[in-house]
Number of protein chains: 2
Amino acid sequence: MPEAPLPRLSPNHAEMLVLSVLAEGPSYGYAITKAIDLGSEGSFAMGAAKLYPLLARLDKQGLVTTTWEEVKARDSDDETNGRRRKWYTLSPKGERRLEQHVQAHRRFTALIDAFLPPLEARPA
Amino acid sequence: MPEAPLPRLSPNHAEMLVLSVLAEGPSYGYAITKAIDLGSEGSFAMGAAKLYPLLARLDKQGLVTTTWEEVKARDSDDETNGRRRKWYTLSPKGERRLEQHVQAHRRFTALIDAFLPPLEARPA
DNA sequence: TTCAGATATATCCATTATCGATATATTCCG
DNA sequence: CGGAATATATCGATAATGGATATATCTGAA
């Protein structure tokens, strides 16, 4: 029997995961996706089309602050080098939002579990 | 501070809840919504535009079987009375699907919880 | 008796969210 | 030398949702 696919992340869940990654320190888009990809064993892999609009929304709502970093080649000091990284830092407002998401998620799972058969100790 | 809104149900979660209601016995659309509405304290209230297409999909996939019931007025035996109810019964295939949904949901929450701060025993 | 609210099923449409593809450019490593 | 990885971002087609609309009956309170 095939592994049943996981339910898809709701927008709120996706936002919560991104914020939870940023709660451990500033990061940038690509690294955030990788963290979520690895941390979920690939189950919550986010495409760029999902990630970047989400990050833009977080910025617009003041949940994160952003700064650009010029990434220079290891073997070069060339300042005109165009490689760039956009760093995201969780704002106090973002921290509060994360806590709200976590609380909402706990209520969410509690409500759902009430519909499901109890998880019993399995006979050996 | 306002109650943070719950994450929205994914299609899989909505399907799981409907199937879990039917696992307790046959039911019909309106009663299913009421069961989910009450069982979730209104949090997962489903509009008709969500419920009926969902039920139609379950039927088409063979997860439920359906029968029509003619609902007669309490004080009448009139057979031409047009009130009707569509009953849904969980099929064996539907039972298996429900179990898959439940397993997937457990994995889903476990993966998400790994991103969140542990729920510690609170100091009194 | 009347009339609002509940019961009961179902679809339409505008909005939103998602996935896959596309675009661009650099850097790493074999 | 060249493909995979790094890095950001948008476009367009598809899918799912919420609110409204449609229809018809039944219940209970004023």
Colleague: Quickly work out the B:Glu70 CD to D:dT25 C1' distance and round it to whole Å.
Modeller: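 Interatomic distance, CD of B:Glu70 to C1' of D:dT25: 13 Å.
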Colleague: Could you walk me through whether A:Thr67 and A:Arg85 satisfy the side chain to side chain contact (heavy atoms under 4.5 Å, CB included) test, starting with their C-alpha distance in whole Å, then the side-chain angles of each, then the deciding distance to 0.1 Å, before giving a yes or no?
Modeller: CA-CA 8 Å; A:Thr67 53; A:Arg85 241 176 227 154; over 6 Å; no
Colleague: Along nucleotides 6-15 of chain C, 5' to 3', which nucleotides get a B, which get an S, and which get a -, given that the test is a protein heavy-atom distance under 4.0 Å?
Modeller: SBSBBBB---
Colleague: Starting from C1' on C:dT18, measure out to CZ on B:Arg8 and report it in whole angstrom.
Modeller: 12 Å
Colleague: Could you state the CG-C1' distance from A:Asn12 to D:dT17, rounded to the nearest angstrom?
Modeller: 14 Å
Colleague: Atom CD of A:Glu69 to atom P of D:dA7: distance rounded to whole Å?
Modeller: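 Between P of D:dA7 and CD of A:Glu69: 9 Å.
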Colleague: Counting C-beta onward and ignoring hydrogens, is there a side-chain heavy-atom pair between A:Leu9 and B:Phe108 closer than 4.5 Å?
Modeller: yes
Colleague: If you measure from OH on B:Tyr28 to CH2 on B:Trp68, what distance do you get to the nearest 0.5 Å?
Modeller: 12.5 Å
Colleague: Hey, does A:Leu55 have a side-chain heavy atom less than 4.5 Å from the side chain of A:Thr66?
Modeller: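 No, their side chains stay 4.5 Å or more apart.
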Colleague: Any side-chain heavy atom of B:Leu6 within less than 4.5 Å of one from A:Leu111?
Modeller: yes
Colleague: Enumerate, atom names and distances included, each donor-acceptor pair closer than 3.5 Å involving a side-chain atom of residues 13-27 of chain B, sequence neighbours excluded.
Modeller:
from	atom 1	to	atom 2	distance (Å)
B:His13	ND1	B:Ser10	OG	3.0
B:His13	NE2	B:His105	ND1	3.0
B:Glu15	OE2	B:Arg97	NE	3.3
B:Glu15	OE2	B:His101	NE2	2.8
B:Ser20	OG	B:Met16	O	3.4
B:Ser20	OG	B:Leu17	O	2.7

